[in-house]
Amino acid sequence: MEISSLEREFSERLLAFLWSQWAQMGMLASSSRKDAWAADPEALLLLTLEVAREDPRLFDEALDWFLVNERWISLQRLRNLSQDEEDRALAGAAIEWLSQWRRRTSTAPKKAKPGTEPEPLFLNAQLSVERPDPAFLAHGFLKPSTEPSRRSASPDFNLPINFAFRMRALLGVGARAEVARVLLTVEAPDMSLQAIAASCGFTKRNVQEAASALRAAGLASSWTLGNEQRFRMPREPWLQLLGIDRLPLHEDWPQLFHAFRVLLRWLRDPRNQELSSYMRASEARTVLEQVIDDLHFAGKPVSAAGPDGEDYWDHFTTVVRQLPLGLRS
């Protein structure tokens, strides 16, 4: 399979997945799916900003949802989950766009960062951008300036996928809500602070303060094992409080979605189209090794080991094509 074919197949799978997730979270879209897992809003938005560079409609609908539901989103957490320059540029542009429309300021074009040439935001776009969006231009992207429709709705808190929003409504948009979400949904009797922090997208210090506050309120308990402090939350009181029979399922979306972004960017890179068969396989091994820890943390039984030489490309292709997008994918 050629790189271009693998990229197209992977991108189409991701786009279908993203549309189905946002449709359950209030975006103006339709989906028959009723997922039992709890979504991670910031991780999902960050993945969408990358994947939807091939789907302008999804990109604009995601921004519209962001504007309508900003009170439920942690901008600090969105920044925290941005792991490289590409992430930070896209997240920064989306945050500035949000600020721009919140203030309803003029959309007069701004200059891009000094010494940089703006790149088209939407890939494979053939039309010139006559009126670039100032927020995206400031971060090095040429995006057509469009007005948000504000047709997105608020998330339905009764759906399992929107459990994060329900926790934020109860505990505020911050580390406490994320700690509670993780401790209540993860399939483990207890968790270390380091593991909680990795799933929450906040610093270990912030997570420790949040977990200690929940413990002080009688909502969590902790003990020390060796030099490691571990926390747990009793589930039965929360089931009664929320009026539900079961808690949603847990998925380590930040790690899984970071792996997806790295793989997709590598597949999209036009320079890789020119590689020899041997070099293509070698580079594929390198990029898979870069994301293997994230995939393992997310519980995906993927191996970076494979045949030597050119045959490794077939192994890489199989891994990408079979990557689960979630617990039920």
Side-chain angles (χ1 to χ4, degrees), residues 4 7-8 10-12 14-15 18-19 21-22 27 41-70 73-150 152 254 257-273:
S4 59
E7 184 277 328
R8 183 167 55 254
F10 189 43
S11 180
E12 288 175 354
L14 288 172
L15 284 168
L18 290 171
W19 275 112
Q21 299 304 283
W22 288 115
M27 181 183 285
E42 288 79 19
L44 188 69
L45 180 59
L46 196 56
L47 178 66
T48 304
L49 293 174
E50 178 60 48
V51 178
R53 296 184 68 179
E54 292 187 358
D55 188 339
R57 178 171 168 257
L58 175 59
F59 200 101
D60 284 339
E61 292 291 352
L63 289 179
D64 186 74
W65 185 96
F66 191 23
L67 178 62
V68 171
N69 293 288
E70 65 165 307
I73 294 295
S74 169
L75 300 186
Q76 183 57 57
R77 189 165 184 269
L78 183 60
R79 296 186 183 98
N80 291 348
L81 294 180
S82 300
Q83 298 196 29
D84 49 40
E85 289 301 320
E86 291 90 343
D87 285 349
R88 285 186 282 273
L90 286 167
I95 291 171
E96 187 162 334
W97 180 91
L98 175 68
S99 178
Q100 165 188 293
W101 282 101
R102 186 196 302 136
R103 297 191 311 263
R104 297 183 180 180
T105 55
S106 169
T107 56
K110 297 179 182 178
K111 293 183 179 179
K113 294 179 180 179
T116 63
E117 185 69 23
E119 63 174 293
L121 174 68
F122 297 127
L123 306 177
N124 304 321
Q126 303 297 323
L127 298 177
S128 61
V129 180
E130 297 181 358
R131 193 164 64 94
D133 186 291
F136 282 87
L137 187 63
H139 289 267
F141 298 110
L142 284 172
K143 176 190 179 299
S145 183
T146 56
E147 185 168 347
S149 66
R150 292 181 172 83
S152 294
F257 289 170
H258 175 248
F260 290 169
R261 294 195 303 278
V262 171
L263 291 170
L264 185 60
R265 285 171 182 152
W266 186 83
L267 290 169
R268 284 175 170 174
D269 191 338
R271 294 171 296 183
N272 294 327
Q273 301 285 345

Next item on the list: In sequence, state the C-alpha distance, the side-chain angles, and the governing distance for His139 and Trp97, and then conclude on side-chain contact (heavy atoms from CB on, under 4.5 Å).
Entry: CA-CA 11 Å; His139 289 267; Trp97 180 91; over 6 Å; no
Check: Can you find a pair of side-chain heavy atoms, one from Leu78 and one from Phe66, that are under 4.5 Å apart?
Finding: yes
Notebook entry, point to check: Going through the checks in order, is the side-chain contact (heavy atoms from CB on, under 4.5 Å) test met by Phe141 and Glu119?
Noted result: CA-CA 5 Å; Phe141 298 110; Glu119 63 174 293; 3.8 Å; yes
Checklist line | Gap between atom CH2 of Trp266 and atom CG of Asn272 - 0.5 Å precision | finding: 5.0 Å
Item checked: Value rounded to 0.5 Å, distance of CD in Glu147 from CG in Asp60 -> 12.0 Å
Notebook entry, point to check: What's the verdict on side-chain contact (heavy atoms from CB on, under 4.5 Å) for Leu137 and Val129, showing C-alpha distance, side-chain angles and the deciding distance?
Noted result: CA-CA 11 Å; Leu137 187 63; Val129 180; over 6 Å; no
Item checked: Under 3.5 Å: donor-acceptor pair, side chain of Asp87, backbone of Leu46 -> no
Notebook entry, point to check: Is there side-chain contact between Leu121 and Leu142, with heavy atoms separated by less than 4.5 Å?
Noted result: no
Note to self: Is any side-chain heavy atom of Arg8 closer than 4.5 Å to one of Ser11?
What the structure shows: no
Check: Considering all heavy atoms of both residues, which atom of Ile73 and which atom of Pro41 are nearest to each other, and what is their separation?
Finding: CD1-CB, 3.6 Å
Note to self: If you compare all heavy atoms of Ala135 against all heavy atoms of Ala93, which two are closest, and at what distance to 0.1 Å?
What the structure shows: CB-O, 3.9 Å
Item checked: Gln83 vs Val262 side-chain heavy atoms within contact, under 4.5 Å -> no
Checklist line | Salt-bridge criterion met for Glu50 and Arg261 (N-O under 4.0 Å) | finding: no
Checklist line | Min side-chain heavy-atom separation Leu81-Arg77 under 4.5 Å | finding: yes
Item checked: Identified side chain to side chain contact (heavy atoms under 4.5 Å, CB included) counterpart of Leu18 within the set Leu45, Leu47, Asp55 -> Leu47
Margin query: Tell me whether Asp133 contacts the main-chain N or O of Lys143 through its side chain, where contact means a donor paired with an acceptor under 3.5 Å.
Written below: no
Note to self: Nearest 0.5 Å, please: how far is CD1 in Ile95 from CZ in Arg88?
What the structure shows: 12.0 Å
Item checked: Among Trp22, Phe257, Trp65, side chain to side chain contact (heavy atoms under 4.5 Å, CB included) partner for Thr48 -> Trp22
Notebook entry, point to check: Should Glu86 and Arg53 count as an ion pair when the cut-off is N to O under 4.0 Å?
Noted result: no
Margin query: Does Asp84 form a side-chain contact (heavy atoms from CB on, under 4.5 Å) with Arg265? I'd like the steps, not just the answer.
Written below: CA-CA 12 Å; Asp84 49 40; Arg265 285 171 182 152; 3.3 Å; yes
Check: Is any side-chain heavy atom of Gln100 closer than 4.5 Å to a side-chain heavy atom of Phe136?
Finding: no
Check: CG of Asp269 to CG of Leu264: how many Å apart, nearest 0.5 Å?
Finding: 11.0 Å
Item checked: Point-to-point distance, once rounded to the nearest 0.5 Å, from CG of Leu98 to CG of Leu63 -> 9.0 Å
Note to self: For the CD atom of Glu85 and the CG atom of Leu90, what is their distance to the nearest 0.5 Å?
What the structure shows: 11.5 Å
Notebook entry, point to check: Short question: side chain of Glu61, backbone of Met27 - any donor-acceptor pair under 3.5 Å?
Noted result: no
Next item on the list: Determine whether Thr146 and Phe59 make a side-chain contact, defined as any pair of heavy atoms from C-beta on separated by less than 4.5 Å.
Entry: no
